[in-house]
Amino acid sequence: MLKKTFLALSLSAALAGGVQAAAVSEEVIQNSFFPYKNGMPGFSGLSAGLTINQANVEQFREVLDPGLYMFIKNGATEIKVGETTDFALHQSYIDATRQYSGDVTLGEGYGELSKTVAGRPFPQEPSMEDPRAGEKLAWNYKYGYNWGDSATISPFYWTMRDMESGKKERTIKFDFNFLNFTHRTQQTPFPEITPNPSELFRGIYVKVLEPFDVKNTQLLIHRFEDDTKVDNAYLYLGFQRRVRRLSSGQTTDAFLGTDVMIEDFEGYNGRISDMKWVYKGTRNMLMPFYNHNEMVLDSETHQDEDGYQVVAFGGKGGCFPNITWQLRKVYEVESIPQDENHPISKRTHFMDAQTFTIPRTVVYDRKGDMWKNWIIGQAHPDHHLPVNKGTGVSIDDAFSMIDIQAQHCTTGQFKGIVDPSRSPADKFTVQNMRASGN
């Protein structure tokens, strides 16, 4: 309690030079961050421990997204229902929302937002009567608490699989690092890292560890505080031993031959201004939230001195994580590319209303047919590695990107670590890419 109080006071002191925003009502805060305070959602016949399969899927269609419903109906997978649990974010992020979100407003164009300091920009419940509700939810995602202020995935296994045969074609082992330069609330310094001459909001740094033919391949993404500025993205190819800039179009190519685009990372990894955002409604849905330490784990892919093991996979082709699914409050939002040459027509995102992570996304091709399904399992930080306990970070813990047209998938198995010492600011530089590639 003393530590939390110190963090809150330190944040307030760091921001004391700014103007206090208009007050956000406590009712709004409670509804936004504690949606289950007055009781958990329910659905007729649904209970923890139940398995949903081909025999009973029609009974629960209303709480399934269209992709998951299709997979279960076709016998590609079945899911086990878990108890709905509270994934409370860190108190410092909630306090920042309470203090500094009251005056946040949208600009005239997409990607334009008034000055924000930290916290959730729009904690108010979205309205179908608001034509820009989807855009506000997208900003909540961008400035959300996904991975907190910084984190590392080390190691991170991506496996490409033939869905028909179940054959594992190739596994790539990565390290991923994330760092927020601004909008910081829990890890010092806050609210921002200085100096920050390029006015960056976030950095993502990726390094390939194996196999040998792509070892030392590196990706660096700089996202600016000004969303109207195009991201800087750099790729280091080990065999060429040089850094090159990526064009914006390359973020929608298959990343290293997988089923995942760079733009797909974390549910959506692009600018708000690149998409038209449409709020489609609020609903209770089954979502991939669970306690990692209680799941079926894979003892073959990874074992280390911590005793940590990654989530196991099953179902058709081994394309589905063996996890439980919770009934949770969800915002359904469509993102439609502004660029008519984009390879997709739209994504339908199912944003978790408490954490503002995007655990489920259905992707449609340019003809409007369902193309890919994105599952990102969310593990509770208090039932994971000891270092993650108390961080309030909903841990990305297992993923599957399924190309239903090609009957192919790429699965991801994580060791997510919320430890600021692993993601120093100098790791997110072109100079580091050159040094790390030698």
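Predicted model, so just to flag it, every value in this text is computed and none were measured.
Between Asp259 and Lys372 no salt bridge is recorded (no basic side-chain N to carboxylate O distance below 4.0 Å). Taking 4.0 Å as the cut-off between side-chain N and carboxylate O, Lys167 and Asp162 do not count as a salt-bridged pair. Using a cutoff of 4.0 Å between basic side-chain nitrogens and carboxylate oxygens, Arg170 and Asp213 are scored as salt-bridged.
Residues Met287 and Gln326 have side chains not in contact (no heavy-atom distance under 4.5 Å, counting atoms from C-beta outward). Between Pro321 and Met295 there is no side-chain heavy-atom pair separated by less than 4.5 Å. Between Ile52 and Val81 the shortest side-chain heavy-atom distance falls below 4.5 Å. In this structure, the side chains of Met163 and Ile402 come closer than 4.5 Å at one or more pairs of heavy atoms. Within the 4.5 Å cutoff, the side chain of Asn140 has heavy atoms near those of the Pro121 side chain. At least one side-chain heavy atom of Asp130 sits less than 4.5 Å from a side-chain heavy atom of Lys136. Inter-residue side-chain proximity for Asp86 and Gln354 is flagged as met; some heavy-atom pair is nearer than 4.5 Å.
Taking OH of Tyr205 as the start and OG of Ser423 as the end, the distance is 11.0 Å to the nearest 0.5 Å. Distance OG/Ser400 to CG/Asn373: 9.0 Å, rounded to 0.5 Å. Expressed to the nearest 0.5 Å, how far CG of Leu256 lies from OG1 of Thr217 amounts to 6.0 Å. For the atom pair CD1 (Ile221) and CD1 (Ile262), the distance works out to 5.5 Å, reported to the nearest 0.5 Å. Note that OG1 of Thr159 is 8.5 Å distant from CZ of Phe313, once rounded to the nearest 0.5 Å. Put simply, CG on Leu220 and CZ on Arg245 are 10.5 Å apart, with the number rounded to the nearest 0.5 Å.
Screening Asn293, Thr301, Leu297 for a side chain to side chain contact (heavy atoms under 4.5 Å, CB included) involving Gln309 leaves a single residue, Leu297. Screening Arg202, His183, Lys115 for a side chain to side chain donor-acceptor pair (under 3.5 Å) involving Glu225 leaves a single residue, His183. For the salt bridge (Lys or Arg N to Asp or Glu O under 4.0 Å) with Glu334, the qualifying choice from Lys276, Lys346, Arg347 is Lys346, the only one to do so. Screening Phe87, Phe350, Trp325 against Phe289 for a ring pair (Phe, Tyr, Trp, His ring centres under 6.0 Å) leaves a single residue, Phe87.
Heavy-atom neighbours of Glu83 CD from other residues, nucleotides or ligands within 6.0 Å: at or below the threshold of 12. The number of heavy-atom neighbours closer than 6.0 Å to NZ of Lys316, taken from other residues, nucleotides and ligands shown, is above 12. Counted within 6.0 Å of CD on Glu62, heavy atoms from surrounding residues, nucleotides or ligands total 12 or fewer; the atom is thus considered open. Within a 6.0 Å sphere centred on CD of Glu340, heavy atoms belonging to other residues, nucleotides or ligands number 12 at most. Within 6.0 Å of the CD atom in Glu125, the count of heavy atoms belonging to other residues, nucleotides or ligands exceeds 12.
In this structure, Leu89 and Ile94 approach most closely via the heavy-atom pair O-CD1, 3.7 Å. Residues Asp403 and Ala406 share a closest heavy-atom pair of OD1-N, 2.9 Å. The nearest pair of heavy atoms linking Trp147 to Glu266 is CD1-OE1, 3.5 Å. Between Asp231 and Arg271, the closest heavy-atom pair is OD1-CG, 3.8 Å. Minimum interatomic distance between Gln59 and Gly45 (heavy atoms only, all atoms of both residues): NE2-CA, 4.0 Å. For Thr85 against Arg328, the heavy-atom pair with the smallest separation is O-NH1, 2.8 Å.
The six-membered or imidazole ring of Phe174 lies near that of Trp158, with a centre-to-centre distance under 6.0 Å. Ring centroids of Tyr290 and His383 are separated by 6.0 Å or more, keeping the two rings apart.
In this pair, Tyr93 and Tyr145 present their aromatic rings tilted. The plane angle is within the 30 to 60° band. Ring geometry, Phe156 versus Phe414: the interplanar angle falls from 30° to 60°, so the pair is classed tilted.
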Show your reasoning for whether ring-ring contact (aromatic ring centres under 6.0 Å, His included) applies to Tyr143 and Phe356.
CA-CA 9 Å; Tyr143 289 137; Phe356 267 94; over 10 Å; no
Trp277 and Tyr268: ring-ring contact (aromatic ring centres under 6.0 Å, His included), yes or no, with the steps?
CA-CA 12 Å; Trp277 299 87; Tyr268 176 68; 5.2 Å; yes
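Between the side chains of His222 and Tyr234, no donor-acceptor pair of N or O atoms lies under 3.5 Å. Remark: the His342 side chain and the Thr252 side chain contain no N/O donor-acceptor pair separated by less than 3.5 Å. In summary, the side chains of Ser154 and Arg422 do not present any donor paired with an acceptor at a separation below 3.5 Å, with no hydrogens or angles considered. Side-chain contact check for Gln378 and Asp352: no donor-acceptor pair (N or O, by modelled atom type) lies under 3.5 Å.
A donor-acceptor contact shorter than 3.5 Å links the side chain of Gln407 to the backbone of Ile404. Side-chain atoms of Asn388 never come within 3.5 Å of backbone atoms of Pro381 as a donor-acceptor pair (strictly under, hydrogens ignored).
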